[in-house]
Amino acid sequence: MESTTEILDDSSWLPVDYDAETDEFHFAQVSIDHIETMPFHDGRHPLAATNDLVAITAERLRGWRSDPAPGEVTGTLIIHSGFCGSTLLSRVLSVPGKSFVLREPRAITRLSNACLPGLVDPAHLSETQKLFDRTVARLCFSMAPYARPAIKLSNWDNILLATGGAKNGNYRILSMTCDLRAYIVAIFRGGKPRIRQTLELLERLRQVGSVPPSLVSEAQSYPGSMTSICCLLACAYAAQATAMSSVAGGTGATETAPLTLESLRADPVESLSRANRQLELGLSTLELAQAWESIAPKHAKDPQGQEFSLDREIQFARELVNEWGDAIEAAVMWAQQRGIPASPSVTAGS
């Protein structure tokens with residue numbers, strides 16, 4: 001068995017999980033070739049066998065190598081509001097041998113949970129934020145021998161962003177979202193489990209100050225249960241926008257407006273070119289166009305399953321709007337009256 005130091009210095013070992021109770025990371029030897037086509041790297045698909053995991057204390061990871069030199073990039077991140085095309089974007093931007101986007105790594109999401117009030121004291125929260133920087137750097141270290149690395153965070157990681165998790169490091173950051181109506185429809189598309197998950201995320205973001213408690217209370221008391229749910233989803237949309245805006249673009253960014261699902265669909269090559277430019281992935285326009293043509297027809301979250309049909313998606317959205325359109329429109333109007341825009345103000349290429 002390799003020593004802790006050898007594991008930390010060996011790029012083939014990836015931190016695949018974090019245990020807040022023991023303050024330990026679980027490392028596993030992982031081949032990027034093996035995980036490249038997985039839609040997510042959050043544990044839904046095992047990255048390694050459980051008995052192959054090695055526990056390493058967070059303190060050892062904190063002490064791994066020296067702090068980055070001034071101007072040295074800590075990592076490259078895609079942050080998003082959820083259900084806005086970020087998985088599709090990240091898969092298209094993963095060109096074998098040239099660039100690789102690690103999608104929603106479980107270790108970082110576990111760190112996000114550790115940022116919640118009542119679970120950590122302020123001093124520990126500061127250490128968790130620093131540990132985020134070191135975890136991102138270590139993940140990128142594992143990917144760098146294979147391709148130019150980037151990490152797509154989970155929308156749950158907006159909790160960590162809301163507490164200042166990415167403010168200390170030197171990051172390249174691209175944010176992605178969609179318009180409010182599309183966001184609500186996407187949540188409805190996932191049914192009750194997705195609605196519950198989003199409302200739980202809203203509560204966590206409320207706890208860390210990303211949305212005013214009074215706004216959430218007002219949404220909860222809105223007449224009509226379904227309209228009230230839509231108003232709460234609008235609160236979740238706004239809370240994530242607030243969390244992402246605090247780190248938009250990263251250090252020294254010249255483009256900070258979010259990329260949108262709508263712009264990606266309307267002009268995929270232009271949107272991909274902007275993402276490539278902002279994340280400095282070094283891909284050509286031809287490579288981006290070829291990747292889009294290969295991946296866009298497939299379901300981003302189930303690439304081995306059914307083909308993706310934009311027409312089918314639009315039809316499904318229309319059916320949801322026909323059923324819940326009045327509630328959605330009432331919630332959008334309610335949100336706009338309280339300063340929550342129905343659409344991001346600037347899109348790709350602006």
Side-chain angles (χ1 to χ4, degrees), residues 77-86 104 108-109 111-120 125 128-129 132 152-167 173-190 193-222 226-249 256-261 327-328 330-346:
L77 303 176
I78 298 173
I79 61 178
H80 58 96
S81 60
F83 318 112
C84 60
S86 63
E104 306 188 9
I108 292 180
T109 301
L111 279 176
S112 295
N113 283 330
C115 286
L116 297 176
L119 296 181
V120 296
L125 178 59
T128 300
Q129 293 167 346
F132 169 75
K152 180 179 96 79
L153 300 184
S154 163
N155 66 329
W156 197 262
D157 299 328
N158 287 323
I159 299 167
L160 193 147
L161 297 181
T163 66
K167 286 184 177 179
I173 298 178
L174 174 75
S175 57
M176 187 170 186
T177 188
C178 59
D179 72 37
L180 178 55
R181 289 178 181 85
Y183 178 77
I184 295 175
V185 168
I187 302 298
F188 278 10
R189 181 183 178 86
R194 189 174 291 180
I195 292 173
R196 283 195 296 268
Q197 180 194 45
T198 305
L199 296 182
E200 184 178 356
L201 174 60
L202 170 61
E203 174 57 19
R204 304 296 180 91
L205 289 168
R206 184 195 65 78
Q207 291 175 8
V208 297
S210 194
V211 62
S214 59
L215 187 67
V216 177
S217 297
E218 188 178 348
Q220 289 171 330
S221 61
Y222 194 99
M226 188 53 67
T227 305
S228 175
I229 288 174
C230 290
C231 290
L232 287 168
L233 297 180
C235 289
Y237 177 85
Q240 292 182 92
T242 298
M244 292 190 294
S245 67
S246 66
V247 295
T256 59
L259 192 73
T260 67
L261 171 64
I328 293 171
V332 169
M333 182 177 297
W334 175 88
Q336 288 178 308
Q337 290 171 347
R338 285 148 186 83
I340 302 172
S343 299
S345 57
V346 185

Checklist entry - Hey, what do you get for CG (L261) to OH (Y183), rounding to the nearest 0.5 Å? => result 13.5 Å
Item to check | Q220 vs L232 side-chain heavy atoms within contact, under 4.5 Å | outcome: yes
Checklist entry - Short question: side chain of N158, backbone of L161 - any donor-acceptor pair under 3.5 Å? => result no
Checklist outcome for this item: Distance col, row C231:SG vs M226:CE, nearest 0.5 angstrom, shows 12.0 Å
Checklist entry - How far apart are the closest heavy atoms of A342 and D179, and which atoms are they? => result O-CB, 3.2 Å
Item to check | Set of salt bridge (Lys or Arg N to Asp or Glu O under 4.0 Å) partners for R194, sequence neighbours left out | outcome: none
Next on the checklist: Could you report the tightest heavy-atom contact between G82 and Q240, atom names first, then the distance?
Outcome noted: N-OE1, 4.4 Å
Next on the checklist: Once side-chain hydrogen bond (donor to acceptor under 3.5 Å, both in side chains) is applied, do any residues pair with S112, and if so which ones, sequence neighbours excluded?
Outcome noted: D157
Item to check | Pairs touching residues 226-237 that satisfy side-chain hydrogen bond (donor to acceptor under 3.5 Å, both in side chains), sequence neighbours left out | outcome: none
Checklist entry - Should L202 and V216 be marked as a side chain to side chain contact (heavy atoms under 4.5 Å, CB included) after you check the CA-CA gap, both sets of side-chain angles, and the distance that decides it? => result CA-CA 9 Å; L202 170 61; V216 177; 4.2 Å; yes
Item to check | Considering all heavy atoms, the nearest Q197-W156 contact | outcome: O-CZ3, 3.9 Å
Item to check | Euclidean distance, I328 CD1 relative to I187 CD1, rounded to 0.5 Å | outcome: 11.0 Å
Item to check | All side-chain hydrogen bond (donor to acceptor under 3.5 Å, both in side chains) counterparts of S86, not counting sequence neighbours | outcome: H80, K152
Item to check | Spacing of L201 atom CG and C235 atom SG [to the nearest 0.5 Å] | outcome: 12.0 Å
Checklist entry - More than 12 heavy atoms of other residues, nucleotides or ligands under 6.0 Å from CZ of R206: is that the case? => result yes
Checklist entry - So do C115 and F132 actually touch side chain to side chain, heavy atoms under 4.5 Å? => result no
Checklist entry - For T198, what residues pass the side-chain hydrogen bond (donor to acceptor under 3.5 Å, both in side chains) criterion, not counting sequence neighbours? => result none
Next on the checklist: Please give me the minimum heavy-atom distance between C178 and S81, naming the atom from each residue.
Outcome noted: N-OG, 4.3 Å
Checklist entry - Checking side chain to side chain contact (heavy atoms under 4.5 Å, CB included) for the pair L77/L174: CA distance, chi angles, key distance, verdict? => result CA-CA 6 Å; L77 303 176; L174 174 75; over 6 Å; no
Item to check | Note: R196-E200 ion pair, threshold 4.0 Å (strictly below) | outcome: no
Item to check | Side-chain heavy-atom pair V247, I79 within 4.5 angstrom cut-off | outcome: yes
Item to check | Rounded distance [0.5 Å steps], CD1 in I159 versus CG in L153 | outcome: 12.0 Å
Checklist entry - Rounded to the nearest 0.5 Å, how far apart are CZ of R204 and CG of N113? => result 6.0 Å
Item to check | CA sep, side-chain torsions, deciding dist, call: W334, E218, side chain to side chain contact (heavy atoms under 4.5 Å, CB included) | outcome: CA-CA 10 Å; W334 175 88; E218 188 178 348; 3.4 Å; yes
Checklist entry - If you look only at pairs with a residue in residues 226-243, which of them pass as a salt bridge (Lys or Arg N to Asp or Glu O under 4.0 Å), with sequence neighbours excluded? => result none
Checklist entry - Any side-chain heavy atom of I78 sitting closer than 4.5 Å to one from L259? => result no
Item to check | Pair L205-T242, side chain to side chain contact (heavy atoms under 4.5 Å, CB included): steps then yes or no | outcome: CA-CA 10 Å; L205 289 168; T242 298; over 6 Å; no
Item to check | Closest approach of A239 to V211 (non-hydrogen atoms, all atoms of both residues) | outcome: CB-CB, 3.8 Å
Checklist outcome for this item: In short, T109 meets S154 closest at the heavy-atom pair OG1-CB, 3.7 Å
Item to check | Heavy-atom side-chain proximity of M176 to C84 below 4.5 angstrom | outcome: yes
